[in-house]
Undergrad: 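Let me begin by handing over the structure; questions about it come next.
Letters A, B, ... are given to chains in the order of the sequence lines, protein chains preceding strands, and every chain is numbered from 1.
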2 protein chains.
Amino acid sequence: MAVTIRDVAQAAGVHVSTVSRTFSAPHMVNADTRERVLAAATQLGYRPNQAARALTTGRTHNLGLIVADIANPFFPPLIKAAQAYARERGYHVFVADTDEDPQEEQELIQTLAKQVDGVVLVSPRLTNHSIERLGMELPFVVVNRRVKGLSAVLMDVGSGAVQAVRHLTSLGHRRLALLGGPRGSWTSEQMRKAATAEAAAAGAELTVIGPNSPTERGGTDAAPEVLGCRATGVIAYNDLVAIGLIEGLAARGVEVPAGMSVVGVDDTVAGRLNRPKLTTVAMPTAAAGRTAVDLLLQAVDARGNGAAAQTTLETSLVVRESTAAVRPGENPPAGAPEIAGAPAG
Amino acid sequence: MAVTIRDVAQAAGVHVSTVSRTFSAPHMVNADTRERVLAAATQLGYRPNQAARALTTGRTHNLGLIVADIANPFFPPLIKAAQAYARERGYHVFVADTDEDPQEEQELIQTLAKQVDGVVLVSPRLTNHSIERLGMELPFVVVNRRVKGLSAVLMDVGSGAVQAVRHLTSLGHRRLALLGGPRGSWTSEQMRKAATAEAAAAGAELTVIGPNSPTERGGTDAAPEVLGCRATGVIAYNDLVAIGLIEGLAARGVEVPAGMSVVGVDDTVAGRLNRPKLTTVAMPTAAAGRTAVDLLLQAVDARGNGAAAQTTLETSLVVRESTAAVRPGENPPAGAPEIAGAPAG
DNA sequence: GTGAAAGCGCTAACAC
DNA sequence: GTGTTAGCGCTTTCAC
């Protein structure tokens, strides 16, 4: 097998405990001895075995990161950032994909439990109740979800939706549509509430369409309904849905942004590369990944005590080419009574 | 702490070794006893501690997966497939991102070494020599690279490039350009060789442009050069480069596919969603992920004996909207001598 | 400041 | 078929 602490001890002419101390509590060992041990260690290419170490310390220095779908363009930047940040702090991370299956999610958590110090759950599919129960045995941080007693990082899509509505109304749009996400999505619900309120405040009409599949297909399929409600500006659940919608509209002879303004959410590469380039609500996914790891490590250190922390990350509208001023005549006929809008604030 | 094998033994009224056997060699224990042990185990919620198990067996049941950049759209499908397949076989996977840094790659491998049974290296940035050396201590599988003594999964981009050239020449294009990837890319070199040979065989001219950054920017920047060589059809190193090129051409008043045909490589979402939809060489990334894990597990089981296996995966051209027949008059004037092409085969 | 010894949770001979 | 024992690589009392 590989080189162990015993080999180093022998080579340095000290006892194993001294070698152990040199690595886990260097200040407790005489400088000279330390040098000698370190020299022997590098000479032999010794690396402490984390797994063995974990057996006595109870700290694996590993984290779990569980997402619904690695291939969904929303996740990779988050995974990348979480992994990089964890590494900086001396942790390795298991990345697992549940394929949107709650059953698999639970199984994953349980098999991972003994090998990690904590896990980050991104947009979990498990019920709050299940998560709470599992949370008793292992530190968790949830992303885009609120679970009693657990730290969470939330992305403020509500404010993003508000910005999107303002952007559209400032371009003169008065009839808006919101393409919601899948049933039960926390994000979708936040968007709906915020957009509805803001539209009302701005005196605009807003039709909510959904639930929709969070995919390109979801957008394409919704195109007829969008046209049906006579909206001139629409906010989609995410970039994929927005892109699908644009396609669906094109198939029906409506060009974006000339005939319709479309706003996405997420700011994925796909949207950035789309033509027209997508106006979208940028989600702070990388920051979310880092923050989640940060909170998790805090929770790990606190070992049960220490209150759960909630961090809300700001979103921001990125204006590109898929939105434009409403065409004259596209709004309710001049002179017709506007929908009464409650003044904001 | 959590529930251990000892608790189960006590509850079931047997000794720890019996419990151990019930989990690692069920056939070696009497059916009745086994039932009793299993009952006690589930009742207590016992799960074997993999890390402790690894200490004696030398098998961690963990794998490492090291990629250059998680956020690059090429990798997620591979990661997803590898992870899913590993899980099916009872393995968890550490995913790590080197940020294209060979130093970091090496460090990662070394710190991971003790915690995994093997690692998959995707498009490694380390030199072959370094990899060979590390390969002595740990089973490796490399993807898109050949390293002496190690199993590898290769994607046949050469054949993909040939298909792309044929597609373009069959559309009447006679002056082609190839946008290479970054310096030292195995993939890029394979493409160059294959495309050059096939173009010659088809009596077409092929200009190689590069090295280019494997990003959208790389494509945009290459636009002037592409125009300069008077090509009417171009094959880009990957989808991102292709998309960038299309943009760069548009900025110069050249529309795709009317004014220029463009073929990408990878078949990422980005290309699928681009407008015009990208004609591209589909890379079997998911299959590569699965195959890599498969080969790795074989190597792990063989423990040093067992020859290194090489698997080459086919690529295939997906024709969409970014390629079209050459415009009349765009080729060398009729009557002018064609470039002599060596007949194929 | 360093050595000796026990033990983390588990498996693997070896007895019986 | 099951119990006993030693030990995987490491940390951590406790002596000295």
Side-chain angles (χ1 to χ4, degrees), chain A residues 1-38 40-41 44-62 90 110-117 137, chain B residues 1-38 40-41 44-62 90 110-117 137-138 303:
Chain A
M1 262 255 162
V3 26
T4 91
I5 203 174
R6 207 130 28 214
D7 304 321
V8 179
Q10 189 154 9
V14 296
H15 270 247
V16 289
S17 41
T18 305
V19 179
S20 172
R21 277 188 281 257
T22 331
F23 285 94
S24 36
H27 58 275
M28 298 193 84
V29 46
N30 186 348
D32 296 358
T33 335
R34 199 193 314 147
E35 289 312 311
R36 208 142 37 86
V37 171
L38 254 19
L44 296 174
Y46 168 77
R47 300 243 170 187
N49 180 328
Q50 286 294 353
R53 182 177 271 187
L55 209 49
T56 44
T57 60
R59 288 302 185 79
T60 61
H61 280 264
N62 290 149
Q110 289 175 339
T111 58
L112 233 32
K114 297 287 204 331
Q115 310 196 57
V116 298
D117 295 336
E137 321 204 329
Chain B
M1 263 254 160
V3 27
T4 92
I5 204 175
R6 207 127 31 211
D7 304 321
V8 178
Q10 190 155 8
V14 296
H15 272 247
V16 288
S17 43
T18 305
V19 178
S20 172
R21 277 188 281 257
T22 345
F23 285 94
S24 36
H27 57 277
M28 298 193 85
V29 46
N30 186 347
D32 296 358
T33 336
R34 199 193 314 147
E35 289 312 311
R36 209 143 34 87
V37 171
L38 254 19
L44 296 174
Y46 168 77
R47 299 245 169 187
N49 181 328
Q50 286 294 354
R53 183 178 269 186
L55 209 48
T56 43
T57 59
R59 289 301 186 79
T60 61
H61 280 266
N62 291 150
Q110 289 175 337
T111 57
L112 232 32
K114 296 287 203 334
Q115 309 197 57
V116 298
D117 295 337
E137 321 204 328
L138 195 66
R303 270 255 170 269

Undergrad: In Å, rounded to the nearest 0.5 Å, how long is the span from CD of B:E137 to CD of B:Q110?
TA: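 It comes to 7.5 Å.
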Undergrad: Closest nucleotide of DNA chain C for A:V16 versus for A:A31: which of these residues is on the 5' side?
TA: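 Here A:A31 is the residue nearer the 5' end.
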Undergrad: Mark yes or no for whether A:T22, through its side chain, and A:R34, through its backbone, hold a donor-acceptor pair below 3.5 Å.
TA: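 No, the answer is negative, given that no donor and acceptor are paired below the 3.5 Å cut-off.
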Undergrad: Could you tell me which non-hydrogen atom of B:R47 sits nearest to which non-hydrogen atom of A:T111, and how far apart they are?
TA: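 Minimum heavy-atom contact is NH1-CG2, 3.6 Å.
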Undergrad: Hey, does the side chain of B:T57 reach the backbone of B:R53 with a donor-acceptor pair shorter than 3.5 angstrom?
TA: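 Such a contact is found between B:T57 side chain and B:R53 backbone.
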Undergrad: Whole-Å distance between C:dC10 P and A:Q115 CD?
TA: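 About 12 Å, once rounded to whole Å.
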Undergrad: Could you state the CG-C1' distance from B:D7 to C:dC8, rounded to the nearest angstrom?
TA: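 Going from CG in B:D7 over to C1' in C:dC8 covers 13 Å.
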Undergrad: Starting at the 5' end of DNA chain C, which residue's closest nucleotide do you reach first, B:T56 or A:R21?
TA: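 Of the two residues, A:R21 wins.
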Undergrad: Tell me what A:F23 touches on the nucleic acid: a base, only sugar-phosphate, or nothing, going by heavy atoms under 4.0 Å.
TA: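 The answer is nothing, as A:F23 stays clear of every strand by at least 4.0 Å.
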Undergrad: Closer to the 5' end of DNA chain D via nearest nucleotide, is it A:I5 or B:R36?
TA: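 Comparing both residues, the 5'-ward one is B:R36.
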Undergrad: Rounded to the Å, how far apart are A:R59 CZ and D:dT12 P?
TA: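 Spelled out: CZ on A:R59 to P on D:dT12 is 11 Å.
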Undergrad: Within the pair B:S24 and C:dC10, is there a side-chain N or O less than 4.0 Å away from OP1 or OP2?
TA: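 No, outside the criterion.
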Undergrad: Using whole Å, what does the distance between atom P of nucleotide D:dT2 and atom CG of B:D32 come to?
TA: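 From B:D32 CG to D:dT2 P: 9 Å.
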Undergrad: Less than 4.0 angstrom between a side-chain N/O of A:T57 and OP1 or OP2 of C:dC8, yes or no?
TA: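 No, outside the criterion.
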Undergrad: Hey, what do you get for CG (A:N62) to NZ (A:K114), rounding to the nearest 0.5 Å?
TA: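 One finds 15.0 Å between CG of A:N62 and NZ of A:K114.
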Undergrad: Can you measure B:H15 atom NE2 to C:dG9 atom C1' for me and round it to whole angstrom units?
TA: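 About 17 Å, once rounded to whole Å.
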Undergrad: Give the rounded distance in Å between these two atoms: CG of B:L55 and P of C:dA12.
TA: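 In whole Å, C:dA12 P lies 12 Å from B:L55 CG.
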Undergrad: What contact category does B:S20 fall into here, base, sugar-phosphate, or nothing, at under 4.0 angstrom with non-hydrogen atoms?
TA: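 Base, at least one base atom sits under 4.0 Å.
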Undergrad: Just call it for B:V14: base, sugar-phosphate, or nothing, with non-hydrogen atoms closer than 4.0 Å on any strand.
TA: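 Touches sugar-phosphate only.
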Undergrad: For the CG atom of B:N30 and the CD atom of B:E35, what is their distance to the nearest 0.5 Å?
TA: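 Between B:N30 CG and B:E35 CD, I get 10.0 Å after rounding to 0.5 Å.
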Undergrad: Using whole Å, what does the distance between atom C1' of nucleotide C:dC8 and atom CZ of B:R53 come to?
TA: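 Rounded to whole Å, this separation is 16 Å.
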Undergrad: Name the closest nucleotide to the A:V29 side chain, picking from C:dT2, C:dT11, C:dG3.
TA: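 Nearest listed nucleotide: C:dT2.
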Undergrad: Should B:R6 be listed as having a side-chain N or O under 4.0 Å from OP1 or OP2 of C:dC8?
TA: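 Checking C:dC8 against B:R6, a side-chain N or O does come within under 4.0 Å of OP1 or OP2.
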Undergrad: Reading DNA chain D from 5' onward, which residue's closest nucleotide shows up sooner: B:N30 or B:K114?
TA: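 Comparing both residues, the 5'-ward one is B:N30.
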Undergrad: Rounded to whole angstroms, how far apart are CD on B:Q50 and C1' on C:dC10?
TA: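 That distance rounds to 11 Å.
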Undergrad: Report yes if a donor N or O on one partner sits less than 3.5 Å from an acceptor N or O on the other, where the partners are the side chain of A:S17 and the base of D:dT11; otherwise report no.
TA: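 Check fails, no donor-acceptor contact within cut-off.
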Undergrad: Classify the nucleic acid contact of B:T4 as base, sugar-phosphate or nothing, counting any heavy atom under 4.0 Å across all strands shown.
TA: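 Here B:T4 touches the backbone only, sparing every base.
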